[in-house]
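To find a chain, count down the sequence lines: A is the first, B the second, and so on, and within it residues start at 1.
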Amino acid sequence: MTVSVISAGFQTTVQDCGRVGLRKFGVTPGGALDPISLRLANLLVGNWDCTAGLECVSGRLRLRSHDERILAWSGGEFEVRVGEKLVPILHGARVSTDADIEILPQRGGRAWLAISGGINAPEILGSRATDLRAHFGGWEGRALRDGDELPLGVESELSARVRDEIPDNVSDWSAPRFVVPGKILRIIRGKNWDDNIGSKLLAQKFQVAMNSDRMGLRLEGGEIVPTSRRELVSEAVAPGTIQLPPSGTPVVLLQGCQTIGGYPKIAHVITVDLGYAAQLQPLNEIRFELIELEEARQLLREREHEIALFRAGLEARFG
Amino acid sequence: MTMKIDALGDSALIVNLADEISDSSGLLTRVLSTAATIERANLPGVVDVTSSYESVAVFFDLTQVEQDFEEKIRASIASAGVRVSRKRRRVEIPVCYDEEFALDLERVANHTSLTPDAIVALHSSAQYIVACIGFMPGFPFLAGLPQQLRVPRLETPRTKVSAGSVAIANAQAGVYPLESPGGWNVLGRTPLHLFRVNESPPTLLQPGDCVQFRRISRAEFDVFEQ
């Protein structure tokens with residue numbers, strides 16, 4: 001029960017919902033940069049929503065399944081095929097034994113691929129997520145390479161029932177798509193927000209810099225002169241935190257970010273927009289829009305409610 | 001009691017305790033007891049509690065928390081004393097300060113006008129306290145660096161600092177548990193592993209621990225490595 005990596009693409013990693021509760025050891029939660037996309041793909045194949053799947057960045061990824069499985073994907077603009085059959089985003093697809101799976105970036109971004117049973121990499125510190133910076137977790141603590149053989153977990157009974165219901169290789173049902181391309185990230189004020197910095201952050205367009213990665217998006221094109229050069233005492237940061245280093249180029253932290261930081265925290269991208277932040281690529285342009293904390297929380301509750309409804313619908317149909 | 005609570009995004013809070021206590025050792029004790037109290041309270045939906053020099057951060061799952069959880073956090077902070085329940089653990093870290101590992105000993109000597117021997121003597125005789133773990137898994141931020149050893153970070157950070165490198169920057173001392181980029185002044189190397197993914201807890205040091213460095217020879221270093 002394995003899947004062979006014929007062609008590993010670029011920076012393809014095993015990811016789940018990350019490591020919980022280990023910040024005091026300096027261990028970042030990490031996991032899928034857009035956990036909601038991975039969770040929806042998992043639900044479509046009958047998995048527990050935080051089962052380990054693959055995060056694809058760019059380059060052509062080719063896999064061969066040695067077992068009958070279901071596959072689903074979500075995220076950016078990719079073309080995914082099982083054999084010759086095109087698999088639309090957020091649909092379930094049957095994978096027969098020895099079928100080839102191909103993931104080709106169109107306009108790209110990032111995509112998350114779920115396979116029924118999940119990628120059965122060893123669990124380290126409660127998660128199968130790859131921590132590329134600390135070189136542990138996932139598959140040997142690194143991005144996938146050509147020739148890797150990834151073990152698959154045991155399928156749930158739900159997966160088997162879902163597979164039987166898929167009529168012509170691709171499901172006629174789908175999951176809701178939340179991440180739609182836009183050029184705006186909604187933010188709330190950070191503890192070091194001031195109106196001078198805030199108005200500059202909101203008035204300008206920023207460009208995603210080349211040296212952006214899973215830790216954070218570095219933004220160029222609109223330098224903001226920090227109001228104070230005072231060094232702050234290091235303290236906790238979170239995915240979404242916008243830090244302002246002395247260089248004046250803001251950094252939006254992503255899921256792979258470190259646990260503490262010493263730069264001013266001027267704002268935070270709201271959680272429901274982190275899925276879109278995870279799709280941004282170098283040279284993409286972005287603007288910010290300010291909302292209030294309560295609205296951000298309400299949007300997150302609504303998003304989770306929609307996911308719960310989708311899950312309940314699947315369970316009612318196949319459970 | 002004054003406490004400043006700020007939102008850290010939509011799914012976390014950060015509590016600053018700096019206004020309560022002015023001396024840094026008392027503040028750290030207060031921070032650690034506050035973090036421990038919040039953890040022990042086991043509030044529904046709280047998924048992570050972490051501390052640093054003067055603050056405690058509480059991460060939560062918004063769909064699981066009760067309506068009045070912010071009030072409950074306030075209450076548990078107020079009930080947290082200023083004493084840590086356990087005795088401070090003492091950890092000795094062997095360090096080889098030989099040239100081959102002490103990449104920035106000369107730079108520190110130039111900045112401080114101290115001889116390399118005097119720098120090593122100062123660094124290995126001081127008592128440090130782990131203020132927090134961060135930057136990377138298991139990296140201890142150590143308070144207690146002697147005043148004379150305050151040297152700024154490197155102008156240009158190294159792209160690769162070896163695992164075990166023992167380093168200083170400004171008022172802080174630390175140890176790189178893993179190979180990584182870094183801009184601190186490297187004074188030596190320890191053969192100890194500060195981050196062990198298969199052990200519980202996964203880090204050699206915990207916030208609040210007392211740390212002292214002990215000079216070892218290259219031969220002793222090799223014995224430790226085995």
Residue B:I5 versus chain A: region with a heavy atom under 4.5 Å: neither
State, yes or no, whether a side-chain contact exists between B:Y176 and B:M136 at a heavy-atom distance under 4.5 Å. yes
What part of B:F135 lies closer than 4.5 angstrom to a heavy atom of chain A: side chain, backbone, both or neither? both
A:D16 vs A:S127, side chain to side chain donor-acceptor pair (under 3.5 Å): CA-CA, chis, key distance, verdict: CA-CA 7 Å; A:D16 58 15; A:S127 159; 2.8 Å; yes
Tell me, side chain or backbone of B:V49 under 4.5 Å from chain A's heavy atoms, or both, or neither? backbone
Turns out that what part of A:F136 lies under 4.5 Å from chain B's heavy atoms comes down to side chain
Side chain from CB out, backbone as N, CA, C, O: work out which of these in B:S51 comes under 4.5 Å of a heavy atom of chain A, or both, or neither. neither
Partner chain A: residue of B:G134, B:G9, B:A57 with the largest heavy-atom pair count (under 4.5 Å): B:G9
Side chain, backbone, both or neither: which part of B:L8 has a non-hydrogen atom closer than 4.5 Å to chain A? both
Stacked cation flag A:R186 on A:F288, 6.0 angstrom / 45 deg: no
Interface moiety of B:T63 toward chain A, non-hydrogen atoms closer than 4.5 Å: side chain
Hey, is CD on A:E292 packed in by over 12 heavy atoms from elsewhere, all under 6.0 Å? no
Where on A:L299 is there a heavy atom nearer than 4.5 Å to chain B: the side chain, the backbone, both, or neither? neither
